[in-house]
Amino acid sequence: MQITRLDVVLAADLADLGALMATLDHFAGVSGLSPDVAFKVQLCLDELVNNVIDHGYAPGAPGEIRLRIEHHGDRLAIEISDDAALFDPFSNPPPDLDLGVDDRPLGGLGVHLVRTLMTEARYAVDAGRNHVRLVLSLEPAS
Amino acid sequence: MQITRLDVVLAADLADLGALMATLDHFAGVSGLSPDVAFKVQLCLDELVNNVIDHGYAPGAPGEIRLRIEHHGDRLAIEISDDAALFDPFSNPPPDLDLGVDDRPLGGLGVHLVRTLMTEARYAVDAGRNHVRLVLSLEPAS
Amino acid sequence: MEITESRHRDILVIAPVGRLDSTNAPIFDQRLSTTLERGDTAIVIDLSALDYISSIGLSVLLSVAKKVRRLEGRVALAGMNDRIRSVVEISGFTRIFEIHPTVETAVAAT
Amino acid sequence: MEITESRHRDILVIAPVGRLDSTNAPIFDQRLSTTLERGDTAIVIDLSALDYISSIGLSVLLSVAKKVRRLEGRVALAGMNDRIRSVVEISGFTRIFEIHPTVETAVAAT
Ligand SMILES: Nc1ncnc2c1ncn2[C@@H]1O[C@H](COP(=O)(O)OP(=O)(O)O)[C@@H](O)[C@H]1O
Ligand SMILES: Nc1ncnc2c1ncn2[C@@H]1O[C@H](COP(=O)(O)OP(=O)(O)O)[C@@H](O)[C@H]1O
């Protein structure tokens, strides 16, 4: 069996992020995704959803995040969209990895991880909403 | 969190039917469906997938079944499609429930259960494939 | 699948646990056949630990009812939850089976 | 979250179990702060029972490295699986942390 598409609506809070992680575990297990792929998908969605919770919606204000995952052949396509203030996360400069321990800021790694781990990562505004579109090419072996 | 759409491709065999039941358990749990609704959805998909396995594809021949579940508001819409010989399950006459124990045939209850438990159940041929479309209206309380 | 058995006087109480579906129903069917062959023809099927039944599970119940009738025995269903009861009703089995809320009332009704 | 501790001579080995994510990282951060305040400044963080780390978990590691440096102590990472190692590398932490394949090599390297 393979789950070929999964759409989810979640509240912008940690409880729903936890439920999402459990659903991704189930999805990866059922569809026989490799542990590497399962880890990358969890991590990137964790980072992006956390950013919408932390930086997107006003603290305490209710917010909704929509997610769509499609799995066809050796390709995962993921779309995350939200209704918070428009912000392109890929407009951030990458973190300076050469800084020493005293100078490295805490944080600022989430978007860098997403960009590095995914095959494609793009931002778009569609119908006034933030949309992040990710693609992960799966190894034929996985 | 709510899973608003779930598409699945399964092989027409009991192993994948078992995986589907586990996925439906997860879906119902995550989306907070009532135990009654979860039971009805499992039962109707179990019956229809079993029929495609038992009566649709030739025994031992590989066959594929596609499934889509959509959950919006208080409505579940389910579509099951397969590529086996065209057959409208709702063309069967309903079983005669007045027969005594000796005269009741074994079997012939699956489609009757689907028709009785779902709010709508229809059959269509689309692109040469069998399509069964189900709707279940959820009680506002569930 | 787990199936538990207990005896109350000459009545055998047999309880399938969990799911009666295409995977498990053949196992339960086999167990019931063995029970009848062994000579137990007064049976209460305790469904209180059953979470799920599909049409193949219902066929197993009908099949035991047919066999018990030929053997001039007795079979009753007991302890169904509301979901299982609704499926049993939709199938018209309330006309075929003696149905009791609990094993105790089923055993006492002999 | 489960966090196990053991002591090898003057080195404290601390091992987070499971996931270091937005739910669990604050708990691990708190534990590490308590450890440092207690005077343990030679620390091996054993990641061999860790399945998952996100950027907030990486921040906790960076934060302890900063504190240990101010205290003129020592912190090493040990036992990472390949997935966690790749995330640590992408974050440039190989330049910041002493990294060992196992707790044993990390303890022996003092
Ligand atoms: N969805 C978002 N809305 C607004 N700002 C964001 C969003 N995502 C990221 N940012 C900004 O980009 C910065 C870097 O994000 P990230 O790399 O994930 O690191 P962190 O969240 O740990 O700071 C954030 O600190 C924030 O200022
Ligand atoms: N997908 C299908 N393809 C072909 N025949 C079917 C299909 N589904 C149902 N049938 C026919 O309809 C009958 C009744 O189906 P059902 O009510 O599910 O009972 P059962 O499968 O137990 O016989 C089956 O016995 C079979 O002859």
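We name chains A, B, ... by the order of the sequence lines, and we start the count at 1 in each one. All values reported here derive from a predicted model rather than from experimental measurement.
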Within residues 56-63 of chain B, the residues sitting under 4.5 Å from chain C by heavy atom, in sequence order, are none
Under 4.5 Å to a heavy atom of chain B? For C:Ile96 that would be side chain
Which answer fits C:Leu58, side chain, backbone, both or neither, if we ask what part of it has an atom under 4.5 Å from a heavy atom of chain B?
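Contact with chain B: side chain only.
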Counting distance alone, with no hydrogens or angles, which donor-acceptor pairs between chain B and chain C are under 3.5 Å?
unit_1	atom_1	unit_2	atom_2	d
B:Asp36	OD1	C:Arg83	NH1	3.1
B:Gln42	O	C:Tyr52	OH	3.4
B:Gln42	OE1	C:Arg19	NH1	2.9
B:Gln42	OE1	C:Arg19	NH2	3.0
B:Asp46	OD2	C:Tyr52	OH	2.6
B:Glu47	OE1	C:Ser55	OG	2.6
B:Glu47	OE2	C:Ser55	N	2.6
B:Glu47	OE2	C:Ser55	OG	3.2
B:Asn50	ND2	C:Ser22	OG	2.8
B:Leu97	O	C:Arg95	NH1	3.4
B:Asp98	OD1	C:Arg95	NH1	2.2
B:Val101	O	C:Lys66	NZ	2.9
B:Asp102	O	C:Lys66	NZ	3.2
B:Asp102	OD1	C:Arg69	NE	3.2
B:Asp102	OD2	C:Arg69	NE	2.9
B:Asp102	OD2	C:Arg69	NH2	3.3
B:Arg104	O	C:Lys66	NZ	2.5
B:Arg104	NH1	C:Ser91	O	2.9
B:Arg104	NH2	C:Ser91	O	2.9
B:Gly107	N	C:Ser59	OG	3.3
B:His112	NE2	C:Ile90	O	2.9

ring-ring contact (aromatic ring centres under 6.0 Å, His included) filter on C:Phe97, not counting sequence neighbours, yields C:Phe93
Can you run down the ring-ring contact (aromatic ring centres under 6.0 Å, His included) pairs that involve residues 18-38 of chain B, sequence neighbours left out, and say none if there aren't any?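 Qualifying pairs, neighbours excluded: A:His26-B:His26.
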- Which bit of B:Pro105 is near chain C, if near means a heavy-atom gap under 4.5 Å: side chain, backbone, both or neither?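 The backbone, not the side chain.
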In terms of heavy-atom pairs under 4.5 Å with chain C, which of B:Leu14, B:Ile53, B:Leu113, B:Leu99 leads?
->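 The candidate making the most pairs under 4.5 Å is B:Leu113.
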Scored by heavy-atom pairs under 4.5 Å with chain C, the best of B:Leu109, B:Leu17, B:Leu43 is B:Leu43
